[in-house]
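Reading through the structure tokens given below for one structure.
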Amino acid sequence: MESQNYKNHRKFYPPHHFIYLPLLMVLQIFGIYKTFNDESHELIWILFSVVVFLILYLAIMVRQHYALGLQNRMVRLEFKQRYFEIFQLRSDEVESKLTFDQIAALRFAYDDEFKTFLEKALKENMKGNEIKKSIIKWKADLHRV
């Protein structure tokens, strides 16, 4: 398995991303096409297109909403635990000064770089994407949703 880094850290779920969603997109395009080319059943094809769009929208939003919401909470908990292990202090004050993007990016850094990038995030407001791109030794997160 290739080691994880900035360029390959995104994850796809093949049945959802490459079968279900493309199939709904094809049905949506087909419904719109038929709306303009089957005048005798135009209203039915409009209804079909609206229903397919709503299913597509719901499939994207519900899946992402629950998975990302849970993952965001876990990333914050991981940050709190890691901060405590490194500094032997509660992270409440520090965490409140960071954006979620910064906290999420810090999880890819090993402890020595974590300290450096945490300081830069606090003092220089280093953005999450900048932190990720600056990490020299990438700490893989292979359990992402």
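Sequence positions, counted from 1, serve as the residue numbers for this chain.
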Answer yes if [X] and [Y] sit in the same cluster of Ile, Leu, Val, Met, Phe, Trp and Tyr residues linked by side chain heavy atoms under 4.5 Å apart, and no otherwise.
X      : Y     : result
Tyr57  : Leu27 : yes
Met25  : Ile19 : no
Val52  : Leu47 : yes
Leu118 : Phe84 : no
Leu56  : Val51 : yes

Value rounded to 0.5 Å, distance of [atom1] in [X] from [atom2] in [Y]:
X      : Y      : atom1 : atom2 : answer
Lys139 : Gln4   : NZ    : CD    : 11.5 Å
Asn125 : Lys97  : CG    : NZ    : 12.5 Å
Lys133 : Met126 : NZ    : CE    : 10.5 Å
Trp138 : Asn8   : CH2   : CG    : 8.5 Å
Lys115 : Ile86  : NZ    : CD1   : 6.0 Å
Thr116 : Ile131 : OG1   : CD1   : 11.0 Å

Heavy-atom count around [X] [atom1] within 6.0 Å, excluding the residue itself: above 12?
X      : atom1 : answer
Glu93  : CD    : no
Glu39  : CD    : no
Phe100 : CZ    : yes
Phe87  : CZ    : yes

Can Thr99 and Lys127 be said to form a side-chain contact (heavy atoms from CB on, under 4.5 Å), step by step?
CA-CA 9 Å; Thr99 66; Lys127 305 290 183 221; over 6 Å; no

For the backbone of [Y] and the side chain of [X], can you confirm whether one donor and one acceptor N or O come within less than 3.5 Å of each other?
X      : Y      : value
Gln28  : Phe53  : yes
Ser91  : Val94  : no
Asp111 : Phe114 : no

Excluding sequence neighbours, so at least two apart, what forms side-chain contact (heavy atoms from CB on, under 4.5 Å) with Lys137?
Tyr110, Glu113

Heavy-atom pair of closest approach, residues [X] and [Y]:
X      : Y      : answer
Leu21  : Ile60  : CD2-CG1, 3.7 Å
Thr35  : Glu42  : O-CG, 3.5 Å
Ser49  : Gly31  : OG-C, 3.0 Å
Gly128 : Ala105 : O-CB, 3.2 Å
Arg76  : Glu95  : NH1-OE2, 3.1 Å
Ala121 : Leu98  : CB-CD2, 3.8 Å

Verify side-chain contact (heavy atoms from CB on, under 4.5 Å) between Lys34 and Asn37, making sure each step is shown before the conclusion.
CA-CA 5 Å; Lys34 290 296 274 184; Asn37 292 306; 5.5 Å; no

Please name all residues satisfying ring pair (Phe, Tyr, Trp, His ring centres under 6.0 Å) with Tyr6, sequence neighbours left out, ordered by chain then number.
His9

Sequence neighbours excluded, which residues qualify as ring pair (Phe, Tyr, Trp, His ring centres under 6.0 Å) partners of Phe18?
Phe12

Consider only side-chain N and O atoms of Asn5 and Ser3, and report whether a donor and an acceptor are under 3.5 Å apart.
no

Considering residues at least two apart in sequence or located in another chain, which fulfil the side chain to side chain donor-acceptor pair (under 3.5 Å) criterion with Glu78?
none

Asp112: which residues meet the salt bridge (Lys or Arg N to Asp or Glu O under 4.0 Å) condition with it, sequence neighbours left out?
none

Residues clustering with Val62 (ILVMFWY side chains joined when closer than 4.5 Å, directly or via others)
Leu58, Tyr66

Quick one: are [X] and [Y] in side-chain contact, heavy atoms under 4.5 Å?
X      : Y      : answer
Leu24  : Tyr20  : yes
Ile103 : Val75  : yes
Gln102 : Leu122 : no
Tyr83  : Leu89  : yes

Phe30 ring center near Trp45 ring center (under 6.0 Å):
yes

Does the distance from a Lys or Arg side-chain N to an Asp or Glu carboxylate O, for Arg107 and Asp141, drop under 4.0 Å?
yes

Give a yes or no on whether a salt bridge exists between Lys123 and Glu119, defined as a side-chain N under 4.0 angstrom from a carboxylate O.
yes

